[in-house]
Amino acid sequence: MGGEQSLALPPGKGPHSVGCVDVMVGHTRQGLFLRLFYPCEPRVGAERPRWIPRYEYSRGMAQFRGRSPRWGAPLLHVAFGSCRVPVSWKGPFKPRSGGYPLVIFSHGLGAFRTLYSSICTELASWGFVVAALEHRDGSASATYFCTAESGQEEWIHHQRLPPGQKEFYFRNTQVHQRANECVRALRLFQAVRGGRPVPNVLHPDFDLSVLKVPGAGGAPGGASSGWGGRAPAGCPSQAGLAQILWDFSWACVWSHAGSPFFLQDGVDLAKVAVMGHSFGGITAVLALVKEPGFRCAVALDAWMFPLENTLYPEVPRPVLFINAEKFQTPESIAKMKRLSSRNSQTRIITVLGSMHHSQTDFAFVTGKLARRIYSMEGTLDPHKGLDIISRAALAFLQRHLDLKEDFDRWEHLLDGLGDSVVPAAPPRRSNL
C-alpha cells in the first residue's frame, strides 16, 4: 500500500448502469468541452475509459502541484495512467418517458472534467444526466480545443496568478467565465432539443441536427475509437459521439438486436441544477444569478473568495453547501450563512473527518506517496463520504427539481443529522 499508488473508483449504487462520452463544441477557447455521464443500457464487456485521458493532463497536474513536469508527469502517468472509470464508454443511452433531470458540474482549481467521476457516476446511476465541464479560463490543470483551420490541438495550460495582480480580481474574472460556460452548456442542450445545428468538433462529418441512423448490425459508430484510452495525434474522430448526444434530445437508442427506436425528450430541461466543487462550488452559486433555468445549486466545499459581495443578494435559488471539515474559514461560513438568511431553503452541512480533496476522486487514491501529495489525510472512509455527499445532494435535488423519486429518505442529511455530518460548521474540529 505504501509503495504502490493506485485508484479504485466505485461503481454507482443506483438502479441504472452508467455510460459516458466526451463532447467538444466550437473551434476556439470560447467553445465547450465536457464529459457526459448518463443512464445507459447494460453491456457485457463494455470498454471503460481511462481516468486520466491524456498524458498532457498528467503534466498539467504535476505543474499545478508545483512538481517538475520532467519527473512528476511520468510518475503520475505510471501511477494512474492505466486506472479506469467503472462506466460504459459510449454505452447506448437508456430511454425514459419524460426524460432525465440534468446537472451541469463545474470542477475545482487545477482539476479537469474526469476528476469527479465518482460523484458524477453516482448521480447518473440514480437517473441523472451529468455534464462535467472542462473550463477554459485557465483554472484547469490542462485542457485544449481544436482549431478550425487545421484541426490541430491547442492546449490551454493552468494560469497562475500574474505577478503584481490582486488575486480577487483575477479569480473574479475567472469565476464569471466559468459561470458563463455553465450557462452555455445548458444552451447546448436547448439547441439540440430545438433542432438547431450543433456541429461536433470531435467528429465533424456528423451534424447533430440531421442525424441519420446507420444500418442495423450494432450500436451506432461501431468499434470504439479508443479516444477514452490512449492519446491520439491531433483531434480524433469519435465514432458514435454525435448519435449519443442526439439521444439526449430525441433519444435515438439501439436495442440489443441492433434496431433503433425513438423516445422524445431524453433530458427534462425543466429540471436542471448546477453543481461544483471548490472553485466550481462558487461557480455554481454564480450560475444561479446568470441563468434562471438553473433551479438550485449544490456547492461542494465551495471556495467563496472569488465572488463579489454585491451579488450575494441576487442569488435567487436555494443552495446546498456540503463542506469538508478542514477547509472552510469563518469568513466563508459567514458568506454561506448570508445566503441562507435570505433563502430558508438553503442548507449548510459539514462532513466530519473529511478534507477538501475528499470530495474528489482523489479520496479513492491508495498509496502513501500520492495521498501525501494530495493531502488526503482525512479519517472518514471515502465510500462513506461519497454516500453522504451523494445522498444529501439527491435529497436536495428531489426537493427543488420536483422529482418523483424516493430520495427524500435522506432528507435528514440536509439538516445535518446523521453519522459524520453536522449542520453548518462544527463547533470544534474532530481529531482528523
Side-chain angles (χ1 to χ4, degrees), residues 5-12 18 20-22 33-37 48-65 67 72-73 75-77 79-87 89 103-124 130-144 156-158 178 181-182 228 275-281 283-284 298-303 322 324 327 354-367 370-371 373-376 378 382 385-386 389-390 393:
Q5 319 303 312
S6 187
L7 176 83
L9 295 178
V18 178
C20 83
V21 71
D22 286 325
F33 193 14
L34 54 89
R35 172 161 289 188
L36 289 172
F37 296 81
R48 294 184 171 189
R50 294 184 187 273
W51 181 54
I52 300 179
R54 303 283 296 274
Y55 181 82
E56 288 84 352
Y57 290 101
S58 294
R59 177 182 293 273
M61 286 196 297
Q63 290 178 317
F64 175 74
R65 300 300 299 182
R67 268 66 181 180
L75 280 178
L76 285 170
H77 189 69
F80 305 118
S82 62
C83 296
R84 295 187 179 266
V85 182
V87 297
W89 180 245
V103 174
I104 307 295
F105 193 96
S106 172
H107 65 72
L109 188 65
F112 45 91
R113 70 188 186 282
T114 68
L115 296 190
Y116 299 87
S117 294
S118 53
I119 184 64
C120 293
T121 297
E122 184 65 18
L123 293 178
V130 183
L133 286 168
E134 190 163 284
H135 290 293
R136 291 172 168 174
D137 62 321
S139 64
S141 58
T143 187
Y144 72 98
I156 303 169
H157 302 288
H158 177 73
R178 292 165 131 261
E181 287 174 345
C182 292
M275 184 174 184
H277 172 252
S278 191
F279 206 175
T283 300
V298 178
L300 306 178
D301 222 13
W303 184 34
I322 306 179
F327 178 71
S354 63
M355 307 285 289
H356 192 54
H357 284 101
S358 298
Q359 298 179 345
T360 75
D361 291 345
F362 286 106
F364 299 95
V365 166
T366 63
R371 291 183 68 83
I373 290 174
Y374 285 96
S375 304
M376 290 307 306
L386 178 61
I389 293 167
S390 60

- CA sep, side-chain torsions, deciding dist, call: V85, T114, side-chain contact (heavy atoms from CB on, under 4.5 Å): CA-CA 9 Å; V85 182; T114 68; 5.8 Å; no
Quick one: does any side-chain atom of [X] pair with a main-chain N or O of [Y] as donor and acceptor, under 3.5 Å?
X	Y	answer
R136	Y144	yes
R48	R84	no
H277	H356	yes

Does the side chain of [Y] come within less than 4.5 Å of [X]'s, by heavy atoms?
X	Y	answer
T121	L9	no
I104	E181	no
W303	T283	no
M61	L115	yes
R35	C120	no

Distance-minimising heavy-atom pair for [X] and [Y]:
X	Y	result
S278	G108	CB-CA, 4.3 Å
D361	S117	OD2-N, 2.8 Å
V18	A124	CG1-CB, 3.8 Å
H135	H107	N-NE2, 3.0 Å
A324	S354	CA-OG, 3.2 Å
A302	F327	O-CE2, 4.2 Å

What distance separates [X] [atom1] from [Y] [atom2], expressed to the nearest 0.5 Å?
X	Y	atom1	atom2	result
I119	S390	CD1	OG	5.0 Å
M275	I322	CE	CD1	6.0 Å
I52	S58	CD1	OG	4.0 Å
M355	D301	CE	CG	10.0 Å
C182	L34	SG	CG	10.5 Å
L123	S118	CG	OG	9.5 Å

- Task: Compute whether any side-chain donor of one residue and acceptor of the other, for R113 and Y57, lie under 3.5 angstrom apart.
- Result: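 Present: a donor and an acceptor within the cut-off.
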- Task: Mind telling me whether F105 and Y116 have parallel, tilted or perpendicular rings, with 30° and 60° as the class edges?
- Result: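 Rings of Y116 and F105: tilted, 30 to 60°.
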